[in-house]
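Structure record follows, encoded as structure tokens.
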Amino acid sequence: MHLVYPAVLSALLFCTGIYGVLARRNAILVLMSVELMLNAVNLDLVAFDVWLRDTLHAGQALTLFTIAIAAAEIGIGLAVVLAVYRARGTIAVDALRDTAEPPYGPEDPEGPGSTDPAAPGTRTPGAAA
């Protein structure tokens, strides 16, 4: 068997995975796309191992390590997705962009546009900075 066939199939799988990571809004589908990319790498490793007739089967051994890493990645990824779903109620990737902490410092705890005159360092609407 020629090396071209599994290499082209692997390239198509990898490109499909990249498209899935970049275009999907659901975190579960993004994780599935990452798995697809890892499987494309596994296919290449085994194909090159067979093509080079490696007596140590290093490509197949690396494939086993990649499978173990993929299993750990899915376990941790699903735990993170579950925690985010419990906290936010959604797993849409676009809705998670506001998870960063606001850039307010300790001198401005209420953030910009605070109207509480009793809070130290607050601003009133319409006041000059």
Side-chain angles (χ1 to χ4, degrees):
M1 184 163 102
H2 296 285
L3 182 63
V4 175
Y5 300 128
V8 168
L9 179 62
S10 174
L12 289 174
L13 285 174
F14 197 82
C15 290
T16 305
I18 288 177
Y19 173 75
V21 167
L22 296 176
R24 297 294 176 190
R25 299 180 192 276
N26 190 339
I28 301 290
L29 293 178
V30 170
L31 287 174
M32 288 175 58
S33 298
V34 170
E35 289 295 320
L36 193 62
M37 292 186 329
L38 287 172
N39 285 329
V41 170
N42 288 341
L43 180 61
D44 264 345
L45 284 171
V46 171
F48 277 102
D49 184 51
V50 170
W51 184 64
L52 293 173
R53 293 184 174 88
D54 187 16
T55 56
L56 294 176
H57 299 294
Q60 294 177 19
L62 284 174
T63 298
L64 289 176
F65 285 117
T66 307
I67 291 171
I69 289 171
E73 177 257 337
I74 268 299
I76 293 172
L78 286 176
V80 168
V81 166
L82 185 61
V84 167
Y85 180 74
R86 285 183 179 172
R88 299 257 176 188
T90 182
I91 56 173
V93 176
D94 289 344
L96 300 178
R97 290 188 181 169
D98 59 344
T99 59
E101 293 183 22
Y104 313 134
E107 68 279 348
D108 195 6
E110 296 295 319
S114 175
T115 59
D116 185 16
T122 59
R123 298 184 192 107
T124 57

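Excluded from the calculations below are hydrogen atoms, water molecules and symmetry mates; all remaining heavy atoms, backbone and side chain alike, are included.
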Using the side-chain contact (heavy atoms from CB on, under 4.5 Å) criterion, which residues pair with [X]? Sequence neighbours excluded.
X: Leu36; answer: Leu13, Thr16
X: Asn39; answer: Asn42
X: Leu52; answer: none
X: Tyr85; answer: Ile91

Scan for side-chain hydrogen bond (donor to acceptor under 3.5 Å, both in side chains) pairs involving residues 57-80, sequence neighbours excluded, and state none if there are none.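 Non-adjacent pairs meeting side-chain hydrogen bond (donor to acceptor under 3.5 Å, both in side chains): Asp49-His57, Asp49-Gln60.
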Just verifying a value: how many Å separate Met37 CE and Cys15 SG, rounded to the nearest 0.5 Å?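 Between Met37 CE and Cys15 SG, I get 10.5 Å after rounding to 0.5 Å.
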How long is the gap from CD1 on Ile28 to CG on Leu82, to the nearest 0.5 Å?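 It comes to 9.0 Å.
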Same cluster for [X] and [Y] if Ile/Leu/Val/Met/Phe/Trp/Tyr side chains link at under 4.5 Å?
X: Val41; Y: Leu43; value: no
X: Leu29; Y: Ile74; value: yes
X: Phe14; Y: Val46; value: no
X: Val4; Y: Leu12; value: yes
X: Val81; Y: Met32; value: yes

Shortest non-hydrogen contact from Ala40 to Ser10?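 Result for this residue pair: O-OG, 2.7 Å.
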Can you give me the closest heavy-atom contact between Gly17 and Ser33, atom names plus distance?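 Closest approach of Gly17 to Ser33, heavy atoms only: O-CB, 3.4 Å.
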Other members of the hydrophobic cluster containing Ile69, with the 4.5 Å side-chain heavy-atom rule, please.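 Besides Ile69, the hydrophobic cluster comprises nothing; the residue is isolated.
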